[in-house]
Structure formats: structure tokens, C-alpha cells
Amino acid sequence: MQVFLETRRLVLRRFTMADVDNLVSLDADPDVMHFVTGGMPTARDEIENELLPGFLDYYEQFEGYGFWAAIEKATGEFLGWFHFRPREEAGPDEAELGYRLRKSAWGKGYATEGSRALISKGFTDFGVQRVVAETMVVHEASRRVMEKAGLTLVRTFHQPWPYPIEGDELGDVEYALDRADWERRQQAGRAGAGTPGEARG
Ligand SMILES: CC(C)(COP(=O)(O)OP(=O)(O)OC[C@H]1O[C@@H](n2cnc3c(N)ncnc32)[C@H](O)[C@@H]1OP(=O)(O)O)[C@@H](O)C(=O)NCCC(=O)NCCS
């Protein structure tokens with residue numbers, strides 16, 4: 001197992017081709033996929049031949065960036081994943097944060113815990129200058145995770161999306177956190193953007 005980092009309750013490790021079943025079952029839950037595809041599952045074939053090879057390519061292309069499988073330390077179970085990757089339309093020092101967890105793992109603070117650790121490691125070890133995340137206006141849980149991880153609302157925008165769901169007429173939101181602000185908060189010892197020692201490994 002190639003561990004990228006550990007938090008108090010999670011291990012974030014590299015994906016391998018042995019994770020096909022984990023991803024198939026994660027994306028088979030319509031509730032997990034509601035804000036992603038309107039609830040449609042991802043086909044096994046797509047996971048095996050496109051998504052997972054794409055995840056593995058990231059490890060070759062970028063240091064410190066990628067899709068990380070989230071494992072619950074207490075049980076060893078696969079919970080889902082986080083991504084922390086270069087933002088397409090920006091330079092390599094701007095990272096895009098994302099997450100997808102099994103329903104059984106929701107509401108326990110895991111998305112916040114993993115996000116804070118990735119942000120901390122990105123700013124501390126990999127020269128990241130800005131972390132950005134996007135979601136739908138109506139995706140309250142995801143917005144709350146962004147806020148708890150220290151990101152603040154930058155803008156609301158509208159983009160075409162192929163899977164219409166209720167609330168998408170309200171558009172999307174972009175949240176962001178700059179390294180200087182994160183450092184200031186770390187120094188001030190305030191909670192909200194990760195705590196020292198949270199990201200290990
Ligand atoms: C979004 C997601 C990652 C959140 O994971 P999680 O581990 O439950 O998140 P956390 O427990 O760290 O925090 C969730 C916060 O949202 C709040 N929340 C959850 N549902 C909510 C809702 N419907 N309205 C308002 N707040 C809500 C929780 O109360 C919690 O905030 P709190 O700690 O202040 O009480 C998870 O729901 C998920 O994987 N969803 C499916 C995939 C997805 O939509 N990914 C994001 C795409 S942008």
C-alpha cells in the first residue's frame with residue numbers, strides 16, 4: 001500500500017488497478033452520484049479502462065497531486081476518494097480539491113478531515129499557493145466541507161451540465177483558500193483550515 005498521508009482516522013493511499021470493484025460500488029449508489037451525474041452509476045468498463053488508468057497517470061505526471069483512496073483506519077474499509085489536482089485553467093501551484101465518499105461514511109467529519117490534511121500538505125510540502133473547489137449552489141454538504149476546511153466563497157457562476165437536477169438553475173459556486181491566508185490562520189492558531197500535525201506521511 002502506497003500511503004500518501006495519514007490523518008487521525010484516515011489513510012489516503014494511491015489507487016491501484018485492484019480498486020475497480022471499490023469504485024464500481026462507490027459510483028453505484030444514486031445518492032452518492034446525485035450531484036455528479038444526477039444519480040447515474042459509472043460503468044465498470046469506464047472505470048477499468050478510463051477513470052482508473054487516468055488516476056494512475058496522475059502519479060506519474062505530478063508530485064503531490066492526484067486521486068487518493070480514503071481508507072478508514074479503524075476498519076480498513078475503502079470509504080471513497082479525495083482529489084487534489086492541478087486546476088485545468090490555472091498554473092501548477094493552484095490545486096483543485098474534490099471528494100466522493102460512501103454514504104455510510106457521511107456525517108462523521110471525514111470529508112473535512114481529509115480535505116484539511118490535503119490542503120495542509122499541499123501548502124507545506126508542495127508549493128501550492130491556492131486551493132479551489134467547486135460545487136452546485138444547492139449542494140449544502142459539499143459547501144459546508146469547503147467552509148470547514150477554510151475555503152471561502154469566491155463567486156457564483158453558471159456552466160452547462162449534461163445531467164439536469166433540481167436546483168441546478170441556481171448554478172455553481174467556487175470557493176478558494178490562499179496560502180497566505182492559511183498561514184496567517186495557522187499562526188493565529190485558529191481552527192478552520194487544518195491544524196499542524198494533521199497531515200503526516
Ligand atoms: C459531500 C460529502 C463528501 C461530505 O462528506 P462528509 O464526510 O459527510 O462531510 P463532513 O462530515 O466532513 O461535513 C459535512 C457537513 O455538511 C453538513 N451537511 C450535510 N448535509 C447537509 C445538508 N443537506 N444541508 C446542510 N448541511 C449539511 C453536515 O452537518 C456537516 O457540517 P457540520 O459539521 O457543521 O455539522 C459526501 O456527502 C459525499 O461524498 N457526497 C457524494 C459525492 C459528492 O457529492 N461529492 C461532492 C461533489 S462537489
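Given the structure is predicted, the values throughout are model-derived calculations rather than measurements. Ligands are counted one by one from 1 in listed order, and the atoms in each one are counted from 1 as well. Counting begins at 1 with the first residue of the sequence.
Selection from Ala111, Ala149, Ser115 by nearest heavy atom to atom 5 (O) of ligand 1 gives Ala111. Remark: among candidates Glu140, Arg144, Lys103, His139, the nearest residue to atom 43 (C) of ligand 1 is His139, based on non-hydrogen atoms.
When each atom of ligand 1 is checked for a heavy atom of Thr135 under 4.0 Å away, the hits are 48 (S). Per-residue contacts place Thr112 under 4.0 angstrom from the following atoms of ligand 1 (heavy atoms of the residue considered): 10 (P), 12 (O), 13 (O). Ligand-side atoms of ligand 1 in range of Lys148: 10 (P), 12 (O), 13 (O), 15 (C), 30 (C), 31 (O), 32 (P), 33 (O), 34 (O), range being under 4.0 angstrom from any heavy atom. Interface atoms of ligand 1 facing Glu134, defined by a heavy-atom separation under 4.0 Å, are 48 (S).
Distance screen at 4.0 Å: atom 35 (O) of ligand 1 has no protein heavy-atom neighbour inside the cut-off. Within a 4.0 Å radius of atom 28 (C) of ligand 1, the protein has no heavy atom.
Going from atom CG of Leu56 over to atom CE of Met17 covers 6.5 Å, rounded to the nearest 0.5 Å. In this structure, CD on Glu166 lies 9.5 Å from CE on Met136, to the nearest 0.5 angstrom.
At a threshold of 4.0 Å, the pair Glu134-Arg143 does not count as salt-bridged, since none of the basic side-chain nitrogens sits closer than that to a carboxylate oxygen.
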Arg102 vs Ser25, test: side-chain hydrogen bond (donor to acceptor under 3.5 Å, both in side chains). Steps then yes/no. CA-CA 9 Å; Arg102 280 188 176 154; Ser25 70; 3.1 Å; yes
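For the pair Lys121 and Phe84, the cation-pi test (distance below 6.0 Å, angle within 45°) is failed.
At least one N/O-N/O distance between Gly107 and ligand 1 falls below 3.5 Å. For ligand 1, the polar-atom distance check finds no N/O of Val145 at less than 3.5 Å from any of the ligand's N/O atoms. In terms of polar-atom proximity, Tyr99 is counted as a contact of ligand 1, with an N or O under 3.5 Å from an N or O of the ligand. In terms of polar-atom proximity, Ser142 is not counted as a contact of ligand 1, lacking any N or O under 3.5 Å from an N or O of the ligand. Taking any N or O of Arg100, backbone or side chain, none lies under 3.5 Å from an N or O belonging to ligand 1. Residue Leu101 has at least one N or O atom closer than 3.5 Å to an N or O atom of ligand 1.
Closest of all the heavy-atom pairs between Tyr110 and Leu101 is CB-CD1, 3.9 Å.
Among protein heavy atoms, atom 19 (C) of ligand 1 sits closest to Ala141 CB, 3.4 Å. For atom 11 (O) of ligand 1, the nearest non-hydrogen atom of the protein is Gly109 N, 2.8 Å. From the protein, the heavy atom lying nearest to atom 40 (N) of ligand 1 is Trp106 CZ2, 3.3 Å. Ranking the protein heavy atoms by distance from atom 41 (C) of ligand 1 puts Val32 O, 3.2 Å first.
For Phe67 and Tyr58, the ring centers are positioned less than 6.0 Å apart. Checked against the 6.0 Å centroid threshold, Tyr59 and Trp68 count as a close aromatic pair.
Of the candidates Tyr99, Tyr175, Phe35, Phe35 is the only one forming a ring pair (Phe, Tyr, Trp, His ring centres under 6.0 Å) with His139.
In summary, the side chains of Thr7 and Arg116 do not present any donor paired with an acceptor at a separation below 3.5 Å, with no hydrogens or angles considered.
Ring orientation note: the planes of Phe15 and Phe55 are tilted relative to one another, at an angle of 30° to 60°.
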